[in-house]
Number of protein chains: 2
Amino acid sequence: MMNDPRGKDASATHGAYLAIREKILTGDLPAGQKLKIERLREMLNTGASPVREALSLLTSDLLVERIDQRGFRAAPANKANFEEILTLRCVLEDMALRRSIERSTRTWEDRLVLAHHHMTRATDQGTAAFEEAHKTFHMTLLDNASLAMLERYCSQLYDLNIRYRYLAARGAGYRRRDVSGEHRAILDAALEGDADRASARLLDHYRLTGDYLVAELDDL
Amino acid sequence: MMNDPRGKDASATHGAYLAIREKILTGDLPAGQKLKIERLREMLNTGASPVREALSLLTSDLLVERIDQRGFRAAPANKANFEEILTLRCVLEDMALRRSIERSTRTWEDRLVLAHHHMTRATDQGTAAFEEAHKTFHMTLLDNASLAMLERYCSQLYDLNIRYRYLAARGAGYRRRDVSGEHRAILDAALEGDADRASARLLDHYRLTGDYLVAELDDL
DNA sequence: GAGTCAATTAATATCGATATTTTATATGAG
DNA sequence: CTCATATAAAATATCGATATTAATTGACTC
């Protein structure tokens, strides 16, 4: 009955949440598209209630819009939106990273080193694995700030950004630049407790990727 | 069948959303409390589906937490959370206000003056009316930035803050300070296009209220 | 008596069917 | 031919009942 590749069989709602989320992020469900319950229901082999609830939850993530009495649609994507995401990320991650470094501990340093190492290892293991390790690294940079809402916003913005990467190049070619060198530079600065340098490197990292993406997104 | 005081009879979900939201903001449903479907269902005279969906939507607003397979609870409230809200508001509203002023137009100025005027008028008409006019004024200050997500975050944070006002003083006594003078000062600076002064006044406004609230919240 | 495990209770999550509302289609008047 | 209006089709929203899962209670061992 449950032919989900992953072993975990949490609730049907959670399964639907993950599946729909993935489809939106990768562009399988294009931005702006109407999301009909019935269609999703049969795509995911589940009932209407879980689908509906999953969509409500995706609303929190700004990946789905809901209009009362007329259903759900995948959040629209456009250049202005992308630029807003970039701006907000720069401001919020700057704040979070500085505070993380300020409160640095050995434990955090350890987690950071590990997250970075796992990311370098994951380059071989397919994009999905790398994607996850990459996010973990970036979130670890921020999580020592111990500001739950700020973390949540950053995580949200990170995810929204993924979608634009897929839009620009269908996910391929992301590692074209010397991304691993940039990661290394951020890590080193953070470990040394140099907040200014770490933040500068992190923001460069985003702005470089951002410029690259903007170039591909002219048509939107 | 619909004995809702307000004439509007949108969806049952929307009605439940507004009702539960109100109860959480005012403390009628205390922070951290388990929210059982059955209980809410009978409180609101509606079915389980609308309640469930309303709770999912309130999750977006960070007013409700959802744990898979074990239901919903009102988001917890504590001093650290309050301080995080205050910090984030200061950073985000500063950004939004500056950009609003930067892009100032006659139309926006007009809307601002009107929103301010309506707020001063609403002081007589009960807290609910004032509450709404107050939020409209603050959001109008920001909305000329035309950054949809930023606005959303600010609106969210504004609402979360309301709850702490109720927690500190059960909603009363908010207008004790010279709040109207502070509003006036923000308005004037914004109209003159003086972003630095406007931002300084706005942040003072929040920090003053913040300090007042923190004093009352020691126990949390 | 403290802790573990089974049986019971309570709550959540899900299904399938129905009612409501919106959207699309077609019909007729000006 | 355009616009408005009524009709038909499709989709959303809601209900009531059931299946699953978590929390509680109580019996039993050590």
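Being a predicted model, the structure only gives us computed values, none of them experimental. Convention: sequence-line order gives letters A, B, ...; per-chain numbering from 1.
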Show me the protein contacts with nucleotides 8-12 of chain D, counting only N or O atoms at under 3.5 Å.
unit_1: D/dA11; atom_1: OP1; unit_2: A/K36; atom_2: NZ; d: 3.2
unit_1: D/dT12; atom_1: OP1; unit_2: A/K34; atom_2: NZ; d: 3.4
unit_1: D/dT12; atom_1: OP2; unit_2: A/I37; atom_2: N; d: 3.4

(request) Taking only the side-chain heavy atoms of B/T46 (C-beta and beyond), determine which of D/dC15, D/dT14, C/dC15 contains the nearest atom. (result) D/dC15
(message) I'd like to know whether CZ of A/R39 has more than 12 heavy-atom contacts from other residues, nucleotides or ligands below 6.0 angstrom.
(response) no
(request) Could you list the residues that satisfy side-chain contact (heavy atoms from CB on, under 4.5 Å) with B/V64, not counting sequence neighbours? (result) B/I24, B/L35, B/L55, B/L58, B/T59, B/F72
(message) Measure NE2/B/H14 against P/D/dT14 and give the value in whole Å, please.
(response) 11 Å
(message) Whole angstroms only, please: what is the CZ-P distance between B/R41 and D/dC15?
(response) 9 Å
(message) Applying salt bridge (charged side-chain N to carboxylate O under 4.0 Å, His left out), can you list everything that pairs with B/R121, at least two apart in sequence or on another chain?
(response) none
(message) What is the separation between atom CG on A/N45 and atom C1' on C/dC15, rounded to the nearest whole Å?
(response) 14 Å
(request) Round to a whole Å and report the spacing from OH of A/Y17 to P of C/dT14. (result) 15 Å
(request) Could you pull out all residues at least two apart from B/E132 that satisfy salt bridge (charged side-chain N to carboxylate O under 4.0 Å, His left out)? (result) none
(request) With sequence neighbours left out, write down each residue that passes salt bridge (charged side-chain N to carboxylate O under 4.0 Å, His left out) with A/D159, or none if nothing qualifies. (result) A/R21, A/K135
(request) Taking side-chain contact (heavy atoms from CB on, under 4.5 Å) as the test, write out the residues that go with B/E102, two or more places apart. (result) none
(message) Below the 4.0 Å mark, does C/dT14 have OP1 or OP2 next to a side-chain nitrogen or oxygen of A/T13?
(response) yes
